[in-house]
Amino acid sequence: AANSLALIPISSRTEIADSCQQLLNALYALISYTPKLSCALTSELEIDRIHAIQTQALSAIAVTWRDEPETLAQLKSIVQFDSDSAIRAATIWEIVWGWCDDPDIFPWLRSWIESDADAIVREAAVEGIARRWQGNPDVFDYLKSLAQPQWDTCVRCAALRELVLGWPDSPDALPLL
């Protein structure tokens, strides 16, 4: 790829970079689009379609711009500030699958489980930890701790579900059920 770029004139490379930035900006605009829920014409099907498009835009950003240093920070910002819980949860999944080798992601997810007000976001973080780091011996114990009564119903149910799915033969998981 680097050799083929050398054959492109400098002005074209600038145009390509500008086009890439415009595309990235358009994808972020799609993600932040909020339908007018008060409008009688906005049906549940239309909202589902909008969410599907937004999720595809998130995936496109996470895959295409994964190696750009600012991408992870921008995705984390969506998790923190977007008002749509479905978009926040989808963004968590993109981060889980795209940046699982980053040592800061696991503790970052734990912080969302422990502090976020939105049940869908907490559930996505539990699922992400369980499915992406299943081979980590600390994950089983962490999920067991999340299945305890001090956690809210959403976190407990997600932890129990993930224990059953990820460790179906574990005798330590059975008493939690």
Side-chain angles (χ1 to χ4, degrees), residues 20 23-25 27-34 50-177:
C20 285
L23 175 59
L24 182 60
N25 292 342
L27 290 170
Y28 278 120
L30 274 172
I31 293 166
S32 64
Y33 173 76
T34 304
I50 291 167
H51 278 141
I53 291 167
Q54 289 172 316
T55 302
Q56 290 172 357
L58 274 169
S59 293
I61 290 169
V63 170
T64 307
W65 285 276
R66 179 170 292 139
D67 296 330
E68 297 299 319
E70 67 275 358
T71 301
L72 178 58
Q74 289 171 327
L75 293 177
K76 283 182 173 182
S77 179
I78 290 170
V79 173
Q80 185 172 5
F81 296 113
D82 200 280
S83 61
D84 188 323
S85 59
I87 294 304
R88 295 175 67 219
T91 306
I92 281 179
W93 276 106
E94 293 299 334
I95 291 170
V96 164
W97 291 106
W99 287 268
C100 65
D101 294 332
D102 183 327
D104 295 331
I105 297 302
F106 188 94
W108 178 80
L109 289 170
R110 286 180 68 148
S111 73
W112 287 104
I113 293 168
E114 296 165 7
S115 65
D116 198 78
D118 196 317
I120 294 172
V121 173
R122 291 191 312 273
E123 182 179 12
V126 170
E127 292 170 350
I129 285 174
R131 296 179 191 179
R132 194 61 174 144
W133 288 278
Q134 185 178 2
N136 181 330
D138 296 334
V139 170
F140 180 77
D141 290 335
Y142 182 60
L143 291 174
K144 282 184 5 184
S145 75
L146 294 177
Q148 301 304 314
Q150 70 265 25
W151 291 97
D152 67 85
T153 304
C154 179
V155 168
R156 280 196 326 267
C157 288
L160 287 169
R161 183 178 56 248
E162 295 306 321
L163 284 166
V164 169
L165 291 172
W167 294 267
D169 299 326
S170 174
D172 291 339
L174 209 49
L176 296 170
L177 303 175

side-chain hydrogen bond (donor to acceptor under 3.5 Å, both in side chains) contacts in which one or both residues fall within residues 125-139, not counting sequence neighbours
Glu127-Arg161, Arg131-Glu162

Nearest 0.5 Å, what's the CG-CG distance between Leu58 and Leu30?
10.0 Å

pair Ile87-His51: side-chain heavy atoms closer than 4.5 Å:
yes

Can you see which heavy atom on Ala147 is nearest to which on Leu163, and at what distance?
CB-CD1, 4.4 Å

Which heavy atom of Glu123 sits nearest to which heavy atom of Ala158, and what is that distance?
CG-CB, 3.9 Å

Would you say Leu160 and Val164 make side-chain contact, with heavy atoms under 4.5 Å?
no

If you round to the nearest 0.5 Å, how far is CZ of Arg122 from SG of Cys154?
5.5 Å

Below 4.5 Å, heavy atoms only, C-beta onward: do Leu72 and Trp108 meet side chain to side chain?
no

Strictly by modelled atom types, are Tyr28 and Gln74 linked by a side-chain donor-acceptor pair under 3.5 Å?
yes

Looking at CD1 of Ile129 and CD1 of Ile113, how far apart are the two atoms once the value is rounded to the nearest 0.5 Å?
3.5 Å

Between the CD1 atom in Ile95 and the SG atom in Cys100, the distance rounded to the nearest 0.5 Å is 12.0 Å

How would you list, by chain and number, every residue that makes a salt bridge (Lys or Arg N to Asp or Glu O under 4.0 Å) with Asp82, sequence neighbours excluded?
none

Can you tell me how far the CD1 atom of Ile78 sits from the CD atom of Gln54, to the nearest 0.5 Å?
10.0 Å

Just so I know, are the side chains of Asp84 and Thr34 near enough to count as touching, which here means a heavy-atom distance under 4.5 Å?
no

Return each pair, listed once, that meets salt bridge (Lys or Arg N to Asp or Glu O under 4.0 Å) where at least one residue sits in residues 91-109; pairs must be two or more places apart or across chains.
none

Please name the pair of heavy atoms, one in Ala89 and one in Val121, separated by the smallest distance, quoted to 0.1 Å.
N-CG2, 4.3 Å

Value rounded to 0.5 Å, distance of CH2 in Trp112 from CD1 in Ile92:
7.0 Å

If you apply the rule side-chain contact (heavy atoms from CB on, under 4.5 Å), what do you find for Tyr33 with Ile53, and how did you get there?
CA-CA 10 Å; Tyr33 173 76; Ile53 291 167; over 6 Å; no

Is there a side-chain contact between Trp167 and Val139, using heavy atoms and a 4.5 Å cut-off?
yes

Under the salt bridge (Lys or Arg N to Asp or Glu O under 4.0 Å) test, residues paired with Arg156 that sit two or more places apart:
none

What pairs meet the salt bridge (Lys or Arg N to Asp or Glu O under 4.0 Å) rule with one or both residues in residues 51-77, with sequence neighbours excluded?
none

Nearest heavy-atom pair of Val126 and Ala159: which atoms, and what distance?
CG1-N, 3.8 Å

Plane angle bin for Trp93 and Trp97 - parallel if under 30°, tilted between 30 and 60°, otherwise perpendicular:
parallel

For the residue pair Val96 and Gly128, what are the closest heavy atoms and their distance?
CG1-O, 3.8 Å

Please collect all salt bridge (Lys or Arg N to Asp or Glu O under 4.0 Å) contacts where either partner lies in residues 108-120, sequence neighbours excluded, each pair once.
Arg88-Asp116, Arg88-Asp118, Arg110-Glu114

May I ask you to decide if Ile61's main-chain N or O and Thr64's side chain share a donor-acceptor pair within less than 3.5 Å?
no

